[in-house]
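Here's the structure, in C-alpha coordinates; my notes come after.
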Amino acid sequence: MSTFIKIKAMRDNLSTSELALADYILSHPESIRDLSSQKLAQQAGVSQSSVVKFTQKLGYRGYPDFKFAINDSLRSAQQNDTPRLHGQISLDDTFSAVAEKLLSSKVAVLTNTKSVNEQSTYEQAQAMLQKANRILICGVGGSALVGRDLSFKLQKLGMSAFAESDNHVQMANVANYTSKDLLFVISESGETREEVAVTELAKKHGVTIVSLTGYGNNSISKLADVKLYTVSDENSARLSSILARTAQEFVIDTLFILLTQSSAKGRKLLEVSNQAIREFRTSGR
(Lines give C-alpha, C1' and ligand atoms only; values in the text may rest on other atoms or scores of the structure.)
Protein backbone atom coordinates (compact mmCIF):
# COMPACT_ATOMS: atom_id res chain seq x y z
CA MET A 1 0.00 0.00 0.00
CA SER A 2 1.21 3.53 -0.78
CA THR A 3 2.85 5.23 2.21
CA PHE A 4 0.79 8.33 1.44
CA ILE A 5 -2.46 6.36 1.66
CA LYS A 6 -1.34 4.96 5.02
CA ILE A 7 -0.61 8.43 6.38
CA LYS A 8 -3.94 9.85 5.20
CA ALA A 9 -5.86 6.89 6.62
CA MET A 10 -4.25 7.26 10.04
CA ARG A 11 -4.71 11.03 10.42
CA ASP A 12 -7.52 10.75 12.96
CA ASN A 13 -5.33 8.60 15.23
CA LEU A 14 -2.23 10.79 15.25
CA SER A 15 -0.88 12.88 18.09
CA THR A 16 -0.12 16.57 17.64
CA SER A 17 3.55 15.96 16.76
CA GLU A 18 2.66 13.05 14.47
CA LEU A 19 0.08 15.20 12.72
CA ALA A 20 2.73 17.89 12.15
CA LEU A 21 4.97 15.25 10.57
CA ALA A 22 2.14 13.87 8.45
CA ASP A 23 1.26 17.32 7.12
CA TYR A 24 4.88 18.13 6.29
CA ILE A 25 5.48 14.80 4.53
CA LEU A 26 2.29 15.04 2.46
CA SER A 27 3.08 18.65 1.52
CA HIS A 28 6.78 18.06 0.73
CA PRO A 29 7.13 14.39 -0.28
CA GLU A 30 10.02 15.02 -2.68
CA SER A 31 12.13 16.60 0.06
CA ILE A 32 12.11 13.43 2.20
CA ARG A 33 14.65 11.85 -0.15
CA ASP A 34 17.31 14.32 1.00
CA LEU A 35 16.39 14.70 4.67
CA SER A 36 17.84 12.82 7.61
CA SER A 37 15.49 12.02 10.49
CA GLN A 38 17.04 14.93 12.39
CA LYS A 39 16.49 17.38 9.51
CA LEU A 40 12.92 16.18 9.03
CA ALA A 41 12.28 16.72 12.74
CA GLN A 42 13.58 20.27 12.47
CA GLN A 43 11.46 21.03 9.40
CA ALA A 44 8.29 19.66 11.02
CA GLY A 45 9.05 21.24 14.40
CA VAL A 46 9.12 17.99 16.37
CA SER A 47 11.73 15.87 18.13
CA GLN A 48 13.87 13.29 16.32
CA SER A 49 12.40 10.54 18.49
CA SER A 50 8.93 11.56 17.25
CA VAL A 51 10.08 10.91 13.69
CA VAL A 52 11.30 7.41 14.54
CA LYS A 53 8.13 6.56 16.49
CA PHE A 54 5.99 7.89 13.64
CA THR A 55 7.67 5.67 11.05
CA GLN A 56 7.28 2.66 13.33
CA LYS A 57 3.60 3.48 13.85
CA LEU A 58 3.22 3.30 10.07
CA GLY A 59 4.68 -0.22 10.17
CA TYR A 60 8.30 0.45 9.17
CA ARG A 61 11.33 -0.78 11.10
CA GLY A 62 12.83 2.68 11.15
CA TYR A 63 13.47 5.86 9.23
CA PRO A 64 15.61 4.28 6.44
CA ASP A 65 12.81 1.85 5.58
CA PHE A 66 10.33 4.72 5.66
CA LYS A 67 12.46 6.77 3.23
CA PHE A 68 12.69 3.80 0.89
CA ALA A 69 8.90 3.39 0.98
CA ILE A 70 8.41 7.11 0.27
CA ASN A 71 10.70 6.89 -2.74
CA ASP A 72 8.85 3.82 -3.98
CA SER A 73 5.50 5.58 -3.59
CA LEU A 74 6.78 8.63 -5.46
CA ARG A 75 7.99 6.47 -8.35
CA SER A 76 4.61 4.75 -8.53
CA ALA A 77 2.78 8.08 -8.48
CA GLN A 78 4.82 9.73 -11.23
CA GLN A 79 2.66 11.02 -14.06
CA ASN A 80 3.44 12.63 -17.38
CA ASP A 81 1.65 15.64 -18.87
CA THR A 82 -0.78 13.58 -20.95
CA PRO A 83 -4.41 14.05 -19.80
CA ARG A 84 -5.54 11.16 -17.62
CA LEU A 85 -8.67 9.22 -18.47
CA HIS A 86 -8.63 6.84 -15.51
CA GLY A 87 -5.79 6.31 -13.04
CA GLN A 88 -2.61 5.85 -15.06
CA ILE A 89 -4.55 5.42 -18.30
CA SER A 90 -4.25 8.39 -20.66
CA LEU A 91 -6.28 9.51 -23.64
CA ASP A 92 -3.41 8.58 -25.96
CA ASP A 93 -2.86 5.02 -24.73
CA THR A 94 -3.21 2.12 -27.15
CA PHE A 95 -5.67 -0.68 -26.43
CA SER A 96 -2.80 -2.88 -25.28
CA ALA A 97 -1.53 -0.20 -22.90
CA VAL A 98 -5.03 0.38 -21.52
CA ALA A 99 -5.49 -3.32 -20.84
CA GLU A 100 -2.09 -3.67 -19.17
CA LYS A 101 -2.51 -0.56 -17.00
CA LEU A 102 -6.03 -1.49 -15.95
CA LEU A 103 -4.93 -5.02 -15.06
CA SER A 104 -1.98 -3.67 -13.08
CA SER A 105 -4.15 -1.19 -11.16
CA LYS A 106 -6.74 -3.86 -10.34
CA VAL A 107 -4.07 -6.26 -9.07
CA ALA A 108 -2.65 -3.49 -6.86
CA VAL A 109 -6.10 -2.66 -5.49
CA LEU A 110 -6.86 -6.31 -4.71
CA THR A 111 -3.47 -6.81 -3.04
CA ASN A 112 -3.84 -3.69 -0.91
CA THR A 113 -7.43 -4.52 0.05
CA LYS A 114 -6.38 -8.01 1.11
CA SER A 115 -3.64 -6.56 3.31
CA VAL A 116 -5.89 -4.24 5.34
CA ASN A 117 -8.50 -6.84 6.35
CA GLU A 118 -7.61 -9.37 9.04
CA GLN A 119 -8.95 -12.91 8.99
CA SER A 120 -10.54 -12.32 12.39
CA THR A 121 -12.52 -9.38 10.99
CA TYR A 122 -13.93 -11.51 8.19
CA GLU A 123 -14.82 -14.21 10.70
CA GLN A 124 -16.64 -11.71 12.92
CA ALA A 125 -18.64 -10.44 9.94
CA GLN A 126 -19.39 -14.00 8.90
CA ALA A 127 -20.69 -14.92 12.35
CA MET A 128 -22.86 -11.82 12.57
CA LEU A 129 -24.38 -12.43 9.15
CA GLN A 130 -25.21 -16.02 10.02
CA LYS A 131 -26.78 -14.99 13.31
CA ALA A 132 -28.93 -12.14 11.95
CA ASN A 133 -32.67 -12.58 11.49
CA ARG A 134 -32.84 -9.95 8.75
CA ILE A 135 -30.06 -8.34 6.73
CA LEU A 136 -30.43 -4.98 5.00
CA ILE A 137 -27.65 -4.07 2.57
CA CYS A 138 -27.35 -0.37 1.79
CA GLY A 139 -25.34 1.56 -0.75
CA VAL A 140 -25.75 4.20 -3.43
CA GLY A 141 -24.28 4.46 -6.92
CA GLY A 142 -21.66 1.82 -7.68
CA SER A 143 -21.83 0.59 -4.09
CA ALA A 144 -25.53 -0.20 -4.61
CA LEU A 145 -24.59 -2.57 -7.46
CA VAL A 146 -22.14 -4.36 -5.19
CA GLY A 147 -24.80 -4.50 -2.47
CA ARG A 148 -27.29 -6.13 -4.83
CA ASP A 149 -24.70 -8.74 -5.76
CA LEU A 150 -24.11 -9.48 -2.08
CA SER A 151 -27.84 -9.84 -1.45
CA PHE A 152 -28.16 -12.41 -4.26
CA LYS A 153 -25.25 -14.39 -2.84
CA LEU A 154 -26.68 -14.42 0.69
CA GLN A 155 -30.16 -15.36 -0.56
CA LYS A 156 -28.68 -18.39 -2.30
CA LEU A 157 -27.41 -19.51 1.11
CA GLY A 158 -30.91 -19.21 2.54
CA MET A 159 -30.30 -15.94 4.38
CA SER A 160 -32.97 -13.26 4.70
CA ALA A 161 -31.07 -10.49 2.95
CA PHE A 162 -32.08 -7.77 0.53
CA ALA A 163 -30.39 -4.72 -0.94
CA GLU A 164 -31.93 -1.26 -1.08
CA SER A 165 -30.58 1.97 -2.57
CA ASP A 166 -33.54 4.26 -1.83
CA ASN A 167 -32.73 6.10 1.39
CA HIS A 168 -36.35 6.50 2.47
CA VAL A 169 -36.91 2.75 2.17
CA GLN A 170 -33.64 2.12 4.01
CA MET A 171 -34.68 4.34 6.90
CA ALA A 172 -38.19 2.86 7.07
CA ASN A 173 -36.80 -0.66 7.35
CA VAL A 174 -34.08 0.12 9.86
CA ALA A 175 -36.62 1.95 12.04
CA ASN A 176 -38.24 -1.45 12.63
CA TYR A 177 -35.01 -3.42 13.06
CA THR A 178 -33.69 -4.67 16.41
CA SER A 179 -30.46 -6.04 17.84
CA LYS A 180 -31.31 -9.36 16.18
CA ASP A 181 -31.04 -7.77 12.72
CA LEU A 182 -28.06 -6.49 10.74
CA LEU A 183 -27.23 -3.52 8.54
CA PHE A 184 -24.47 -4.06 5.98
CA VAL A 185 -23.56 -0.63 4.67
CA ILE A 186 -21.27 -0.09 1.67
CA SER A 187 -19.74 3.32 0.98
CA GLU A 188 -16.34 4.00 -0.54
CA SER A 189 -16.01 7.40 1.13
CA GLY A 190 -17.72 6.38 4.35
CA GLU A 191 -19.27 9.86 4.32
CA THR A 192 -22.21 9.51 1.93
CA ARG A 193 -24.94 11.57 3.57
CA GLU A 194 -27.73 9.04 3.06
CA GLU A 195 -25.67 6.10 4.29
CA VAL A 196 -24.37 7.98 7.34
CA ALA A 197 -28.00 8.75 8.27
CA VAL A 198 -29.20 5.15 8.00
CA THR A 199 -26.14 3.92 9.92
CA GLU A 200 -26.81 6.42 12.70
CA LEU A 201 -30.44 5.25 12.88
CA ALA A 202 -29.32 1.62 13.02
CA LYS A 203 -26.95 2.44 15.87
CA LYS A 204 -29.78 4.17 17.74
CA HIS A 205 -31.92 1.02 17.48
CA GLY A 206 -29.13 -1.32 18.54
CA VAL A 207 -28.91 -2.96 15.13
CA THR A 208 -25.68 -4.85 14.41
CA ILE A 209 -23.67 -2.91 11.82
CA VAL A 210 -21.06 -4.21 9.38
CA SER A 211 -19.40 -1.55 7.25
CA LEU A 212 -17.43 -1.79 4.03
CA THR A 213 -15.72 1.53 3.38
CA GLY A 214 -12.49 3.01 2.09
CA TYR A 215 -9.53 2.41 4.40
CA GLY A 216 -9.29 4.72 7.40
CA ASN A 217 -11.56 6.37 9.92
CA ASN A 218 -14.80 7.80 8.57
CA SER A 219 -18.29 8.54 9.87
CA ILE A 220 -19.72 5.15 8.89
CA SER A 221 -16.88 2.91 10.06
CA LYS A 222 -16.81 4.68 13.43
CA LEU A 223 -20.39 3.49 14.01
CA ALA A 224 -19.86 -0.09 12.85
CA ASP A 225 -19.45 -3.17 15.03
CA VAL A 226 -17.27 -4.78 12.35
CA LYS A 227 -15.26 -2.68 9.91
CA LEU A 228 -14.19 -4.07 6.54
CA TYR A 229 -12.08 -1.90 4.26
CA THR A 230 -11.15 -1.36 0.64
CA VAL A 231 -8.11 0.40 -0.78
CA SER A 232 -8.46 2.05 -4.18
CA ASP A 233 -6.64 4.78 -6.07
CA GLU A 234 -8.36 7.75 -4.45
CA ASN A 235 -6.27 10.37 -6.26
CA SER A 236 -6.97 9.24 -9.79
CA ALA A 237 -9.46 10.76 -12.18
CA ARG A 238 -12.21 8.21 -12.61
CA LEU A 239 -14.64 7.39 -15.40
CA SER A 240 -16.62 5.52 -12.75
CA SER A 241 -15.85 3.71 -9.52
CA ILE A 242 -13.99 0.95 -11.35
CA LEU A 243 -11.28 0.30 -8.78
CA ALA A 244 -13.55 0.86 -5.79
CA ARG A 245 -16.02 -1.73 -7.08
CA THR A 246 -13.18 -4.15 -7.83
CA ALA A 247 -12.08 -3.92 -4.19
CA GLN A 248 -15.63 -4.12 -2.82
CA GLU A 249 -16.42 -7.22 -4.88
CA PHE A 250 -13.26 -8.88 -3.60
CA VAL A 251 -14.37 -8.37 0.00
CA ILE A 252 -17.93 -9.63 -0.50
CA ASP A 253 -16.72 -12.62 -2.52
CA THR A 254 -14.32 -13.51 0.29
CA LEU A 255 -17.19 -13.26 2.77
CA PHE A 256 -19.42 -15.41 0.55
CA ILE A 257 -16.81 -18.15 0.34
CA LEU A 258 -16.30 -18.14 4.12
CA LEU A 259 -20.06 -18.35 4.66
CA THR A 260 -20.31 -21.23 2.20
CA GLN A 261 -17.44 -23.10 3.83
CA SER A 262 -18.92 -22.80 7.31
CA SER A 263 -22.51 -23.81 6.56
CA ALA A 264 -23.53 -27.28 5.37
CA LYS A 265 -27.12 -26.07 5.13
CA GLY A 266 -26.01 -23.11 3.04
CA ARG A 267 -24.06 -25.36 0.68
CA LYS A 268 -27.11 -27.57 0.22
CA LEU A 269 -29.36 -24.59 -0.54
CA LEU A 270 -26.74 -23.20 -2.93
CA GLU A 271 -26.69 -26.49 -4.82
CA VAL A 272 -30.51 -26.47 -5.01
CA SER A 273 -30.39 -22.94 -6.49
CA ASN A 274 -27.70 -23.90 -8.99
CA GLN A 275 -29.61 -27.06 -9.98
CA ALA A 276 -32.78 -25.05 -10.64
CA ILE A 277 -30.86 -22.77 -12.98
CA ARG A 278 -29.22 -25.71 -14.78
CA GLU A 279 -32.61 -27.38 -15.30
CA PHE A 280 -34.09 -24.18 -16.67
CA ARG A 281 -31.21 -23.75 -19.12
CA THR A 282 -31.58 -27.28 -20.44
CA SER A 283 -35.38 -27.28 -20.56
CA GLY A 284 -35.42 -25.76 -24.04
CA ARG A 285 -37.65 -22.86 -23.07
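Source: prediction; values computed, not measured.
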**Prompt:** Run the side-chain contact (heavy atoms from CB on, under 4.5 Å) check on Phe256 and Val251 step by step: do they pass?
**Reply:** CA-CA 9 Å; Phe256 175 63; Val251 173; over 6 Å; no
**Prompt:** Are Tyr63 and Leu40 close enough, and set up right, to give a side-chain contact (heavy atoms from CB on, under 4.5 Å), and what steps lead you there?
**Reply:** CA-CA 10 Å; Tyr63 187 67; Leu40 174 57; 3.7 Å; yes
**Asked** Only one of Thr254, Asp149, Leu145 clears side chain to side chain contact (heavy atoms under 4.5 Å, CB included) with Glu249; which?
**Response** Asp149
Between [X] and [Y], is any side-chain donor less than 3.5 angstrom from a side-chain acceptor?
X	Y	value
Gln248	Arg245	no
Thr3	Tyr60	yes
Asn274	Glu271	no
Asn218	Ser221	yes
Ser262	Gln130	yes
Thr230	Thr113	no
Gln48	Ser37	yes
Ser120	Glu123	no

**Item:** Electrostatic pair Asp34-Lys39, nearest N-O below 4.0 angstrom
**Value:** no
**Request:** Salt-bridge test for Glu200 and Lys222: reply yes if a basic N is under 4.0 Å from a carboxylate O, no otherwise.
**Result:**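 Looking at Lys222 together with Glu200, the answer is no, because their closest N to O distance does not fall below 4.0 Å.
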**Request:** For side-chain contact (heavy atoms from CB on, under 4.5 Å), just list the numbers for Ser189 and Thr213, CA-CA rounded to whole Å, side-chain angles, deciding distance to a tenth of an Å, and then say yes or no.
**Result:** CA-CA 6 Å; Ser189 69; Thr213 68; over 6 Å; no
**Item:** Smallest separation among heavy atoms of Tyr177 and Leu182, with atom names
**Value:**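 Looking at all heavy atoms of both residues, the shortest contact is CE2-O, 4.0 Å.
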**Request:** Could you tell me whether Lys106 sits above the aromatic face of Phe250, with NZ or CZ closer than 6.0 angstrom to the six-membered ring centre and within 45 degrees of the axis?
**Result:** no
**Message:** Walk me through whether Ser219 and Glu191 qualify under side-chain hydrogen bond (donor to acceptor under 3.5 Å, both in side chains).
**Reply:** CA-CA 6 Å; Ser219 297; Glu191 301 294 346; 2.6 Å; yes
**Request:** Kindly indicate, with the supporting measurements, whether the criterion side-chain contact (heavy atoms from CB on, under 4.5 Å) is fulfilled by Val231 and Val109.
**Result:** CA-CA 6 Å; Val231 179; Val109 161; 6.0 Å; no
**Request:** Please work out whether the ring planes of His28 and Tyr24 are parallel, tilted or perpendicular, with thresholds of 30° and 60°.
**Result:** parallel
